[in-house]
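Inspection log for the structure reproduced underneath, given as structure tokens.
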Protein chains: 2
Amino acid sequence: MGRHREFDTESALEAALSVFWKKGYKGASFGDLSEAMKVARPGIYAAFGNKEALFLRALNLYITKYMGFMTEALEEPTSFQVVERILCGSADIQTMISSTQGCMGTNDVLAGSEDDPIKRALLRWRAEMETALHKRLELAKDQGDLPASANAGGLARFVMTLTQGMAVDAKAGATRDALYEVVDHALATWPGRRVDRSLVSDNVA
Amino acid sequence: MGRHREFDTESALEAALSVFWKKGYKGASFGDLSEAMKVARPGIYAAFGNKEALFLRALNLYITKYMGFMTEALEEPTSFQVVERILCGSADIQTMISSTQGCMGTNDVLAGSEDDPIKRALLRWRAEMETALHKRLELAKDQGDLPASANAGGLARFVMTLTQGMAVDAKAGATRDALYEVVDHALATWPGRRVDRSLVSDNVA
DNA sequence: AGCATTTTATAACGGGCGGTACTGAATCAA
DNA sequence: TTGATTCAGTACCGCCCGTTATAAAATGCT
């Protein structure tokens, strides 16, 4: 019983994700969110709770919808292809909509206090991704894909660092091709084959 | 004539720099600044003007005091040593005080609107640094230090991207040694000699 | 139809922010 | 000493933010 909800929760969450992605957590006001979601402010509270809760829901959607290629990339046969797909996929997503978009998972790490739950959630995901890549590279060492002398942890950190750096570049207005130049150099130094952009430039949707 | 100023402008500016570095532009309130500078709010306005003007003054101080190693690095004899000093110096500074400090020039790029004068100033400095490095690498190609086939612009972007990525890592709590692992891999791929940390780990002050 | 219940929309509250009058105190010229 | 001028500190203003009370509109059960 009772009145029915007049807006679609999922599409409203996508609109909120878009706003948070572009403006960041602190930069996105309820006015921005309400307008983009086409929902009056109390409706947002009723459906999602806090601003913080709304951001965490949007972050979950972001991870499943836009960061899925990272976990998929881990299943590539060689470490080179894994890293290639991670780096090119990151460059694609960070420049896919407007320029100056960047990575939602990185944009709010640099702001906020130390024990901010928002920051904690972002860092937790980043840490999980890095250890997953670390393990994947250890596997590559076992398989002989990477030399036994390779520092798997350092390489994983290197890839994640480069991803974050590209996110800053993208937020600063770098084009996709500019990011690809960075990726090219990073991949040229990897023990394996060369980059083939066409393999990974359309794996976004 | 008139009453004399009772605080030292320079040390107050350093205190402001410290606050902005740690908390970012938006994150630093006048309460924080006033407390750290030991100057009441109207005194700050009288001495420096706006919050924006204060930040720009602090940014200038940051560049001259903490980013000087970058322009110095360009004078190293080989491109490898140039990049080595830039990357190691960045890792040093980003983790020199507390952890979770990062780079003041990067922290506020990800926040703020598109045409924010703060963001413009940060991006301008970053662009200047990148083109300076680009020119230096072109020179290295002329000198035969880098192969003629090298993409100097892409390499310069690569170095700047890595620097920014490490800034995010540092803000997320990475230690100096963790950043050095990233630097090691980046340098291992550079056409030239290997990294010697002792050369660059004390060039901060 | 009539009531309970849930959603909607307007409007407001408390708090923190950047910025500023205003009152005293300190300094220097005359 | 007097007075003009500049700094110091308290207290305040207007604004925007996240959040919530409130009342009207819409639904389903009986």
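Within every chain, numbering begins at 1; the chains are lettered A, B, ... in the order of the sequence lines, protein sequences first and strands thereafter.
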Requested in this report: Take A:Lys23 and A:Asp32 through the test salt bridge (Lys or Arg N to Asp or Glu O under 4.0 Å) and record every step on the way to the result.
Outcome: CA-CA 9 Å; A:Lys23 299 204 167 191; A:Asp32 301 325; 3.5 Å; yes

Requested in this report: Summarise how protein sits on nucleotides 20-30 of chain D as a single string, 5' to 3': B when a protein heavy atom is under 4.0 Å from the base, S for sugar-phosphate-only contact, - for no contact.
Outcome: BB---BBBS--

Query raised in the report: In whole angstroms, how far is the P atom of C:dG18 from the CZ atom of B:Phe48?
Result: 16 Å

Report summary line: Contact check, residues 13-31 of chain A vs DNA chain D, heavy-atom distance under 4.0 Å, returns A:Ala28, A:Ser29, A:Phe30

**Report entry** Check ion pair B:Arg85-B:Glu72 (N to O, under 4.0 angstrom)
**Finding:** yes

Query raised in the report: Counting distance only, does the side-chain N/O of A:Lys141 pair as donor-acceptor with the main-chain N or O of A:Ala150 below 3.5 Å?
Result: yes

Query raised in the report: Do side-chain atoms of A:Asp108 reach the backbone of A:Tyr25 as a donor and acceptor pair under 3.5 angstrom?
Result: yes

Query raised in the report: Is the backbone N or O of A:Ser29 less than 3.5 Å from a side-chain atom of A:Lys51, with the two atoms forming a donor-acceptor pair by type?
Result: no

Report task. Could you state the atom-to-atom distance from NZ of B:Lys38 to P of D:dA8 in whole Å? Result -> 15 Å

Report task. Please report, rounded to the nearest Å, how far the C1' atom of D:dA8 is from the CD1 atom of B:Ile44. Result -> 12 Å

Query raised in the report: Starting at CZ of A:Phe55 and ending at C1' of D:dG18, how long is that distance when rounded to a whole Å?
Result: 16 Å

Requested in this report: Return yes if some donor-acceptor pair links the side-chain N/O of A:Asn107 with the main-chain N/O of A:Trp21 below 3.5 Å, else return no.
Outcome: yes

Query raised in the report: Is it true that a side-chain atom of A:Gln94 and a backbone atom of A:Cys103 form a donor plus acceptor pair closer than 3.5 Å?
Result: no

**Report entry** B:His134 and B:Glu130: side chain donor to acceptor below 3.5 Å
**Finding:** no

Report task. Could you check how far CZ of A:Arg5 sits from C1' of C:dA9, rounded to whole Å? Result -> 16 Å

